[in-house]
Structure formats: structure tokens, C-alpha cells
Visitor: 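Below you will find the structure I want to go over with you.
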Amino acid sequence: MAIALACTSTTSGFVSSRIGLTFDSTSRFAPSSLNMVADDAKVCVVTGASRGLGRAIALDLGKHGCKVVVNYAASEGPALEVVEEIKKLGGDAIAIKANCADPDSIAEMFNEAMDKYGTVDVLVNNAGITKDTLVARMKRDQWQDVIDINLSGVFYCTQQFFKIASKKRTGRIINISSVVGQIGNPGQANYAAAKGGVLGLTMSNAKEFASRNVKVNVICPGFIASDMTAELPAEYLEKVCETIPLKRLGKPEEVAGMCSFLALDPACEYITGHAFNVDGGIAMGA
Ligand code: NAP
């Protein structure tokens with residue numbers, strides 16, 4: 001019997017409230033006192049999900065009925081708010097504090113996620129920082145901190161995720177890089193190196209993990225309105241907007257839409273090792 005519900009379990013196991021609205025009543029279904037989340041809903045770890053792009057990505061996955069691990073480094077209050085919002089949207093979530101630059105902390109996060117949900121299906125490597133300055137002035141820690149969180153953090157999370165996914169012979173990784181990793185930016189040598197590294201890591205992992213049916217893709221956002229871009233001077237952002245073919249900053253929700261597609265859509269069963277730009281056209285150049 002098909003019942004209309006906010007949550008769909010497709011034959012490939014992906015859960016979507018947007019793509020179809022029928023629910024097969026024979027699927028396992030676990031009603032809770034607050035909401036109804038399918039037992040086989042995809043479990044998604046989103047790093048840096050307390051704010052900005054990660055928050056929008058976590059909410060969008062929640063809207064699709066997923067169980068979301070909302071990772072954060074310091075912002076416990078905002079992370080818990082994201083958890084509550086996901087539950088209201090029809091998903092389930094927990095917040096886990098873990099430092100992406102610390103492999104032990106990341107291993108603990110995955111253990112906690114496994115204890116809570118029993119598996120992990122999707123990893124979104126989103127956590128990132130900037131410490132911008134010109135190369136001539138860049139201190140060693142400004143270089144290293146950005147590499148540690150933005151690049152090594154992706155590696156540590158990927159290693160933990162692949163332990164789980166390789167046994168199941170299924171899984172999807174979505175890395176969040178940047179147009180800066182593709183075209184560079186003065187004052188961001190550390191960030192460009194880390195984000196360029198994420199592009200290479202994505203392709204290597206896509207090739208290495210293909211035999212285990214684990215897909216790895218990367219999103220390259222352009223300039224997106226968030227706390228990160230709010231740090232930039234207004235005149236600089238105005239000049240940047242003039243160089244963007246679509247003449248505006250992107251919205252976190254626009255990156256989130258691409259991320260949910262790569263994480264959940266059945267079409268992505270045959271897509272791996274690719275970069276998808278959500279950048280208003282800026283990476284095309286003049
Ligand atoms: P944001 O608003 O500054 O948020 C950063 C997120 O990362 C926060 O949730 C933060 O957690 C988390 N985080 C920072 N250090 C962490 C650590 N060591 N371990 C775990 N989590 C950590 O940044 P955003 O603009 O949303 O950027 C998100 C991602 O998109 C980054 O990888 C960034 O490079 C990339 N990106 C952004 C833009 C843009 O224009 N905004 C463009 C291209 C790419 P706390 O809240 O706990 O600190």
C-alpha cells in the first residue's frame with residue numbers, strides 16, 4: 001500500500017521528500033514521540049554544521065528525512081539549534097563536538113555516531129577556516145592551521161568514514177572545496193593550497209574507493225554569504241560582485257541543494273571524482 005508522507009524510501013535506499021512522495025508501508029519505520037524518521041533513513045555526518053554552509057547543508061539533509069550528525073568545534077548553542085530545526089523538518093539529528101584537525105577527536109565522533117545510529121552513509125567534509133594574509137607576512141601557524149583543518153581534516157574524516165563504507169560497499173563523500181582552490185586568490189595562499197589539495201584528494205579517493213562502490217565528489221562554492229565572507233571588507237565584496245557573472249553573492253541554501261543532490265539522488269550512483277561549481281560563474285574567468 002502506498003501512503004503519502006513527507007519521507008520516501010526509494011529502491012536504491014535514498015530518502016527524499018522532494019523527488020517522490022510515496023512511502024511503501026512495508027519499509028521499516030520508527031515512529032518517535034516528536035517526528036517519524038525511517039529506520040533506513042540515510043545517516044549523514046556534516047562537519048562544521050553549526051553555522052554557514054554546513055548549517056544549510058545539515059538542514060537540507062534533515063528536510064529530506066535524514067539522520068544528521070551536526071559536527072561543531074566551539075559553537076554548541078548554534079549546533080543544538082540546528083539539531084532542533086532538523087527534527088522540526090522531519091529528520092533526526094545529534095550534535096557532536098569534534099576538532100577536524102585532530103584525528104583522535106574525529107575517531108571519537110565516528111564512534112559516537114555509530115553508537116547512536118548504527119551506521120554512516122554520507123560524509124560531508126565542510127568544516128573550514130581562513131587566516132588570510134600576504135605570503136610575505138604569513139606566519140607559520142597561519143599556514144599550518146588552515147592546512148590542518150581544511151585539508152588534513154578532510155583526510156582524517158574520510159579515513160574514518162571509509163572504514164565503515166568499505167565494509168558496506170556503499171557510501172558517498174561530498175567535499176567542500178572552493179573556487180579559490182581552482183583559480184587562486186591573493187592573500188589566500190594557505191587556503192588555496194588546502195582547497196586545491198581537497199580537489200586532488202577527491203579524485204584520488206574516487207579512484208581508490210570505486211572498487212568499494214564509494215563515490216567521492218567535490219563542490220567548489222564561489223563567494224557565499226556566511227560568517228566567513230562577512231569578515232571581508234564591504235568595498236572588497238562589492239568589487240568581487242562586479243566580477244561575478246551573476247553579480248551577487250551565493251546563498252548557503254544554493255550550495256546545500258547541490259550537496260543533497262550529490263548525497264541522496266539516485267542519479268549520483270554513476271557520478272564520482274567530479275567537481276561541481278556553485279559560484280555564479282566566477283570560475284569561468286573574463
Ligand atoms: P563559517 O560560516 O565560518 O563556518 C565554519 C564552520 O566550520 C563552523 O560550523 C565551525 O564550527 C566549523 N569549524 C571550524 N573549525 C573547525 C574544526 N577545527 N573542527 C570542526 N569544525 C570546525 O564558514 P562557511 O562560510 O560556512 O564555510 C564552510 C565551508 O565552505 C568551508 O570549508 C569553506 O572553506 C567553504 N567555502 C566557503 C565559501 C564562502 O564564501 N563562505 C566559499 C567557498 C568555500 P564552530 O561554529 O563550532 O566554530
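As the structure lists them, so they are numbered: ligands from 1, and atoms in each ligand from 1. Note that the structure is a prediction, hence the values are computed from the model and not measured.
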Visitor: Answer yes if I57 and I174 sit in the same cluster of Ile, Leu, Val, Met, Phe, Trp and Tyr residues linked by side chain heavy atoms under 4.5 Å apart, and no otherwise.
Guide: yes
Visitor: By number and element, which atoms of ligand 1 are closer than 4.0 Å to a non-hydrogen atom of G52?
Guide: 2 (O), 26 (O)
Visitor: Using a strict cut-off of 4.0 Å, indicate which atoms of ligand 1 neighbour a heavy atom of D227.
Guide: 2 (O)
Visitor: Report yes if some N/O of S226 lies less than 3.5 Å from some N/O of ligand 1; otherwise report no.
Guide: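 The answer is yes, given that S226 and ligand 1 share an N or O pair closer than 3.5 Å.
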Visitor: Which residue supplies the protein heavy atom nearest to atom 12 (C) of ligand 1, what is that atom called, and how far is it?
Guide: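 Sorting protein heavy atoms by distance from atom 12 (C) of ligand 1 puts G48 CA, 3.5 Å first.
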Visitor: Should S75 be counted as touching ligand 1, given the test is an N or O pair under 3.5 Å?
Guide: yes
Visitor: Relative to the heavy atoms of N99, which atoms of ligand 1 are at a distance of less than 4.0 Å?
Guide: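 With N99 as reference, the close atoms of ligand 1 come out as 17 (C), 18 (N), 19 (N).
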Visitor: Can L199 be reached from V214 by stepping across I, L, V, M, F, W or Y side chains whose heavy atoms are under 4.5 Å apart?
Guide: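 Same cluster.
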Visitor: Where on L53 is there a heavy atom closer than 4.0 Å to ligand 1, on the side chain, on the backbone, on both, or on neither?
Guide: both
Visitor: Could you list the atoms of ligand 1 found under 4.0 angstrom from a heavy atom of A98?
Guide: 19 (N), 20 (C)
Visitor: Which one of I224, V198, N126, L249 has a non-hydrogen atom at the shortest distance from atom 32 (O) of ligand 1?
Guide: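 Ranked by closest heavy atom to atom 32 (O) of ligand 1, first place is N126.
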Visitor: Classify the contact between N71 and ligand 1 as side chain, backbone, both or neither, using a heavy-atom distance cut-off of under 4.0 Å.
Guide: side chain
Visitor: Hey, looking at atom 3 (O) of ligand 1, which of R51, E231, R55 has the closest heavy atom?
Guide: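 Result: the heavy atom closest to atom 3 (O) of ligand 1 is in R51.
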Visitor: What do we get for I129 next to ligand 1 when only non-hydrogen atoms under 4.0 Å count, side chain, backbone, both or neither?
Guide: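 The answer is the side chain.
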Visitor: State yes or no: do V120 and L61 share one hydrophobic cluster built from I, L, V, M, F, W and Y residues joined by side-chain heavy-atom distances below 4.5 Å, directly or via other members?
Guide: no
Visitor: Can you name the atoms of ligand 1, numbered from 1 with element, that are less than 4.0 Å from a heavy atom of F223?
Guide: 40 (O)
Visitor: List ligand 1 atoms under 4.0 Å from G128, heavy atoms only on the residue side.
Guide: 5 (C), 7 (O), 31 (C), 32 (O)
Visitor: Looking at ligand 1, is there an atom of it that comes within less than 4.0 Å of some heavy atom belonging to T47?
Guide: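 Not so, T47 does not reach ligand 1.
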Visitor: So which heavy atom on Y156 is nearest to which on C100, and how close?
Guide: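 Minimum heavy-atom contact is CD1-O, 3.3 Å.
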Visitor: Judged by atom type as modelled, is there a donor-acceptor pair below 3.5 Å linking the side chain of S226 to the main-chain atoms of M228?
Guide: yes
Visitor: Report yes if some N/O of C100 lies less than 3.5 Å from some N/O of ligand 1; otherwise report no.
Guide: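 C100 vs ligand 1: N/O contact under 3.5 Å present.
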Visitor: K42 side chain to G65 main-chain N or O, any donor-acceptor pair under 3.5 Å?
Guide: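 Flag not set: sc K42 to bb G65 has no pair under 3.5 Å.
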Visitor: Under 4.0 Å between a side-chain nitrogen and a carboxylate oxygen: does that hold for K168 and D121?
Guide: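 Yes, this pair counts.
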Visitor: Does a side chain donor of either N99 or K97 reach within less than 3.5 Å of an acceptor in the other side chain?
Guide: no
Visitor: Taking all non-hydrogen atoms of both residues into account, name the closest pair between I176 and P221 and its distance.
Guide: CG2-CG, 3.8 Å
Visitor: Answer side chain, backbone, both or neither: which part of S177 comes under 4.0 Å from ligand 1, heavy atoms only.
Guide: backbone
Visitor: In terms of residue, atom name and distance, what is the protein heavy atom nearest to atom 13 (N) of ligand 1?
Guide: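 For atom 13 (N) of ligand 1, the nearest protein heavy atom is A127 CB, 4.0 Å.
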Visitor: N/O of P221 under 3.5 Å from N/O of ligand 1, yes or no?
Guide: no
Visitor: Please lay out, stage by stage, how V45 and F161 fare under the test side chain to side chain contact (heavy atoms under 4.5 Å, CB included).
Guide: CA-CA 9 Å; V45 172; F161 175 78; over 6 Å; no
Visitor: Is R248 atom CZ crowded by more than 12 heavy atoms from other residues, nucleotides or ligands, each under 6.0 Å away?
Guide: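 Correct, the count exceeds 12.
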Visitor: Does the pair E85/K63 count as a salt bridge with the N-to-O cut at 4.0 Å?
Guide: no
Visitor: Give me the nearest non-hydrogen protein atom to atom 42 (C) of ligand 1 as residue plus atom name, then the distance to 0.1 Å.
Guide: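 Checked against all protein heavy atoms, atom 42 (C) of ligand 1 sits closest to G222 O, 2.8 Å.
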Visitor: Closer than 4.0 Å to some heavy atom of I176 - which atoms of ligand 1 meet that?
Guide: 30 (O), 35 (C)
Visitor: May I ask whether E76 places a heavy atom under 4.0 Å from ligand 1?
Guide: no
Visitor: Using a 4.0 Å heavy-atom threshold (strictly under), name the region of P252 that reaches ligand 1: side chain, backbone, both or neither.
Guide: neither
Visitor: For F276, does the CZ atom have more than 12 heavy-atom neighbours from other residues, nucleotides or ligands under 6.0 Å away?
Guide: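 Yes, the 6.0 Å shell around CZ holds more than 12 heavy atoms from other groups.
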Visitor: Considering distance alone, does some N or O of S50 sit under 3.5 Å from an N or O of ligand 1?
Guide: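 By distance alone, the answer is yes.
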Visitor: Flag yes if Y72 and V68 sit in one hydrophobic cluster, no otherwise; membership is Ile, Leu, Val, Met, Phe, Trp, Tyr, and two members link when side-chain heavy atoms are under 4.5 Å apart.
Guide: no
Visitor: To which of A79, S105, A73 does the heavy atom nearest atom 22 (C) of ligand 1 belong?
Guide: A73
Visitor: Around atom NZ of K247, are there more than 12 heavy atoms of other residues, nucleotides or ligands at under 6.0 Å?
Guide: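 It does: K247 NZ has more than 12 such atoms within range.
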Visitor: Suppose I only count heavy atoms of A74 and a 4.0 Å limit; which atoms of ligand 1 are within that range?
Guide: 45 (P), 47 (O)
